[in-house]
2 protein chains.
Amino acid sequence: MNLREFLKKQGLNFTKQREIIFSTLYNNPNHLTAEDLYLVIKKQHPELNIGIATVYRTLAMLEENGLISFIQCSNGKKFEISKSHHDHLICTACGKIVEFHNNEIEKLQEKIAKENSFKLTNHIMQLYGLCEECQKKEKEKL
Amino acid sequence: MNLREFLKKQGLNFTKQREIIFSTLYNNPNHLTAEDLYLVIKKQHPELNIGIATVYRTLAMLEENGLISFIQCSNGKKFEISKSHHDHLICTACGKIVEFHNNEIEKLQEKIAKENSFKLTNHIMQLYGLCEECQKKEKEKL
DNA sequence: GTCAATGCAAAATATTTGCATTCGT
DNA sequence: ACGAATGCAAATATTTTGCATTGAC
């Protein structure tokens, strides 16, 4: 997805700030909060003198348009570039996030929605637990 | 679950505030935020003169001990009494929440965790969409 | 009486908004 | 040039914390 073209199509201006917010998310394998992004960009592009409000506004705009998505964590929303739909396994000890996709579950979700006369637009599924390493660390503690 | 006995077992004091926070959640069919609870209790038990900090502290304590659970909504955590595990269908138009449980999905979640060497402790799954009434309203608008 | 729990107010966090200025087209 | 987008600072909203006081046991 070309950001410049996308913005043009929406009648929005292409700006250095929007470009960098998008590319920073694009090039970062992690899920980032608005604050994270703000700090990273401030460090990597000090000449830009970016404002936190711009980060929030841009993230909201990109999210509304489906270019990025987020998971709601205890410390706020964490954003990522929208790829094909996937859900998350989250380690409660080290915070590691693993993405996965499962068609069977998606079908069952649709079935449940149908049974309740809901028309689904979206969903979140987050599985919390301990990753392999943190399970080992747990054992060592004992 | 008897709150008084539970607190005793944990070495915690039984207080009027804790009793009322718990019973208010218990008797309310809705999912309530800390703020919601604070306002309801203030109205229904003005003599108690409850503080918002007590509500937050009590909810955190009850949640840590598994007596209540919450779903993370855009406007904060919404609490409910812990019943047998279930997930949520949420109408994005009117905010209606429908609870459901599906064993097949739970099994698939365990399978996914196993494939990724995670040991699951918990999960959240929220399906967003339009409930029957709001779908009708949508149509009427056009 | 002792220590846990509370209310209050202040602090910390997270996010949004108003507005003058800058920038993209 | 014009309106959209920005940075800044102030405003909001949400949750947490310090502390003196109250209340449970």
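Predicted, not measured: the structure shown is a model, and the values here were computed from it. In what follows, chains are A, B, ... by sequence order, proteins preceding strands, each numbered from 1.
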query: Base, sugar-phosphate, or nothing for I50(A), non-hydrogen atoms under 4.0 angstrom?
result: sugar-phosphate

Nearest-nucleotide pick for T54(A), side chain only, options being dG24(C), dG7(D), dT17(D): dG7(D)

message: Tell me if the side-chain of R4(A) makes a donor-acceptor pair with the base of dG24(C), cut-off 3.5 Å, by modelled atom types.
response: no

query: How is L7(A) classified with respect to the nucleic acid when contacts are heavy atoms under 4.0 Å: base, sugar-phosphate, or nothing?
result: nothing

- prompt: Between E63(A) and K77(A), is there a salt bridge with N-O shorter than 4.0 Å?
  reply: no

- prompt: Can you check the I52(B) CD1 to dT14(D) P distance for me, whole Å?
  reply: 10 Å

query: Expressed in angstrom and rounded to an integer, what is the separation of K77(B) atom NZ from dA13(D) atom C1'?
result: 16 Å

- line: Whichever of A60(B) and K16(B) has the more 5' nearest nucleotide on DNA chain D, that residue is A60(B)

- line: Atom OH of Y38(A) and atom C1' of dT13(C) are separated, to the nearest Å, by 15 Å

- prompt: Between I68(B) and L59(B), does a side chain to side chain contact (heavy atoms under 4.5 Å, CB included) hold up when you go through it step by step?
  reply: CA-CA 8 Å; I68(B) 64 175; L59(B) 289 173; 3.5 Å; yes

- prompt: The side chain of R57(B) lies closest to which of these nucleotides: dA24(D), dT17(D), dT15(D)?
  reply: dT17(D)

message: Quick check: any donor-acceptor pair below 3.5 Å linking the side-chain of R18(A) to the base of dG24(C)?
response: no

Rounded interatomic separation in angstrom, taking CG from L39(B) and C1' from dA13(D): 13 Å

field: Of L12(A) and T58(B), the one whose closest DNA chain C nucleotide lies more 5'
entry: T58(B)

field: Separation of dA4(C) C1' from N13(B) CG (nearest whole Å)
entry: 5 Å

query: Which nucleotide in the set dA5(D), dT17(D), dT6(D) lies at the smallest distance from any side-chain heavy atom of Q17(A)?
result: dT6(D)

statement: In whole angstroms, the gap separating P of dT15(D) from CG of L32(B) amounts to 13 Å

message: Check this for me: does any side-chain nitrogen of one of K16(A) and E19(A) sit under 4.0 Å from a carboxylate oxygen of the other?
response: yes

query: If only side-chain N and O atoms of N49(A) are considered, is one of them under 4.0 Å from the OP1 or OP2 phosphate oxygen of dC8(D)?
result: yes

field: Check ion pair E99(B)-K83(B) (N to O, under 4.0 angstrom)
entry: yes

query: So how far is it from I105(B) CD1 to K107(A) NZ, rounded to the nearest 0.5 Å?
result: 13.0 Å

Distance, rounded to the nearest Å, where I41(A) contributes CD1 and dG7(D) contributes C1': 14 Å

- prompt: How is L59(A) classified with respect to the nucleic acid when contacts are heavy atoms under 4.0 Å: base, sugar-phosphate, or nothing?
  reply: nothing

query: Looking at the side chain of Y56(B), which of dC8(C), dT16(C), dT15(D) is the nearest nucleotide?
result: dT15(D)

task: Using distance alone, with no hydrogens and no angle criterion, decide if H31(B) and E80(B) have a side-chain donor and acceptor under 3.5 Å apart.
output: yes

task: Find the distance E47(B):CD to dG23(D):C1' and express it as a whole number of Å.
output: 16 Å

message: dT14(D), OP1 or OP2 - any side-chain N/O from T33(B) closer than 4.0 Å?
response: no

